[in-house]
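Computed over heavy atoms, backbone and side chain alike; hydrogens, waters and symmetry mates excluded. A quick note: this is a predicted structure, and the numbers were derived from the prediction, not measured.
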Amino acid sequence: MAHSAAAVPLGALEQGCPIRVEHDRRRRQFTVRLNGCHDRAVLLYEYVGKRIVDLQHTEVPDAYRGRGIAKHLAKAALDFVVEEDLKAHLTCWYIQKYIKENPLPQYLERLQP
């Protein structure tokens with residue numbers, strides 16, 4: 001059975017290694033370290049007003065896609081918006097999709113058109 005060189009065994013994330021999202025406020029990004037610290041998934045945001053953030057881009061390396069990592073990033077970013085009493089503009093298509101799949105009132109009331 002052939003395996004892709006870029007593929008990473010599922011056990012590298014699931015077995016005893018919970019997905020942990022880190023928030024770097026200075027760089028305005030949420031990250032998940034993958035496979036130690038060599039690879040990272042990231043969600044980038046910018047302040048576009050005093051109390052408005054633009055959730056701009058989510059990226060998960062190809063070898064880790066389809067494992068729910070982007071969902072953890074999206075939830076962390078939206079929880080940050082709620083906790084900090086901010087409004088959010090959603091440039092990132094994935095965050096738009098996440099909101100449609102998880103239409104929680106605390107998220108919906110924070111959306112900026």
Side-chain angles (χ1 to χ4, degrees):
M1 185 170 154
H3 293 283
S4 167
V8 176
L10 281 175
L13 280 177
E14 276 87 56
Q15 292 178 351
C17 296
I19 295 172
R20 197 175 107 229
V21 179
E22 298 173 6
H23 184 190
D24 185 335
R25 290 174 185 262
R26 188 175 53 79
R27 290 185 173 162
R28 293 178 294 283
Q29 64 184 16
F30 292 86
T31 57
V32 173
R33 292 181 200 202
L34 306 166
N35 194 23
C37 60
H38 300 292
D39 297 318
R40 290 177 183 241
V42 66
L43 184 152
L44 305 174
Y45 68 92
E46 282 291 337
Y47 280 88
V48 293
K50 190 169 185 172
R51 309 285 309 157
I52 303 169
V53 291
D54 182 6
L55 303 178
Q56 296 180 326
H57 180 67
T58 305
E59 187 170 335
V60 176
D62 288 344
Y64 296 92
R65 291 191 180 161
R67 300 184 192 188
I69 296 167
K71 287 181 185 179
H72 287 274
L73 290 167
K75 182 181 183 321
L78 290 164
D79 287 348
F80 161 70
V81 167
V82 170
E83 289 163 13
E84 297 291 320
D85 195 26
L86 303 171
K87 293 287 187 186
H89 178 73
L90 309 179
T91 297
C92 175
W93 69 267
Y94 183 83
I95 304 289
Q96 293 171 15
K97 175 180 176 245
Y98 181 86
I99 290 276
K100 284 180 185 163
E101 293 173 355
N102 301 277
L104 301 177
Q106 66 265 35
Y107 295 161
L108 295 173
E109 67 191 18
R110 307 241 176 238
L111 297 184
Q112 184 83 8

I69 vs L34, side chain to side chain contact (heavy atoms under 4.5 Å, CB included): CA-CA, chis, key distance, verdict: CA-CA 10 Å; I69 296 167; L34 306 166; 3.6 Å; yes
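Within a 6.0 Å sphere centred on NZ of K75, other residues, nucleotides and ligands contribute 12 heavy atoms or fewer. Atom CZ of R27 is surrounded by 12 or fewer heavy atoms from other residues, nucleotides or ligands within 6.0 Å.
Across every non-hydrogen atom of L108 and P103, the tightest pair is CD1-O, 3.4 Å. Pairing each heavy atom of L86 with each of R110, the nearest pair is O-CD, 3.1 Å. The heavy-atom pair separating H89 from P113 by the smallest distance is ND1-O, 3.5 Å. Residues A63 and R67 come closest through the heavy atom pair O-NH2, 3.2 Å. Of all heavy-atom pairs between L55 and A88, the closest is CD1-CB, 4.4 Å. Here the closest heavy-atom approach between residue P61 and residue A41 is recorded as CD-CA, 4.1 Å.
A heavy-atom distance below 4.5 Å is found between the side chains of I95 and L43.
Although no hydrogens or angles enter the test, the distance criterion places no donor-acceptor pair under 3.5 Å between the side chain of K87 and the main chain of V81. A donor-acceptor pair is defined here as one N or O able to donate and one able to accept, closer than 3.5 Å; such a pair exists between the side chain of R51 and the backbone of E84.
A single hydrophobic cluster is not seen to contain both V42 and W93; linkage of ILVMFWY side chains at heavy-atom distances under 4.5 Å, directly or through other members, places them apart. Each of V82 and I52 belongs to its own hydrophobic cluster when Ile, Leu, Val, Met, Phe, Trp and Tyr are linked at side-chain heavy-atom distances under 4.5 angstrom.
Here L90 contributes atom CG and I99 contributes atom CD1; the two are 5.5 Å apart, rounded to the nearest 0.5 Å. Here L78 contributes atom CG and E83 contributes atom CD; the two are 11.0 Å apart, rounded to the nearest 0.5 Å. Of the inter-residue distances, the one linking L104 atom CG with E109 atom CD reads 10.5 Å to the nearest 0.5 angstrom. In this structure, CG on L73 lies 10.0 Å from CG on L44, to the nearest 0.5 angstrom. Interatomic distance, CD of Q29 versus OH of Y45, reported as 9.0 Å (0.5 Å rounding). Here the straight-line distance linking atom NE2 of H57 with atom OG1 of T91 works out to 11.5 Å at 0.5 Å rounding.
Ring orientation note: the planes of Y98 and Y107 are tilted relative to one another, at an angle of 30° to 60°.
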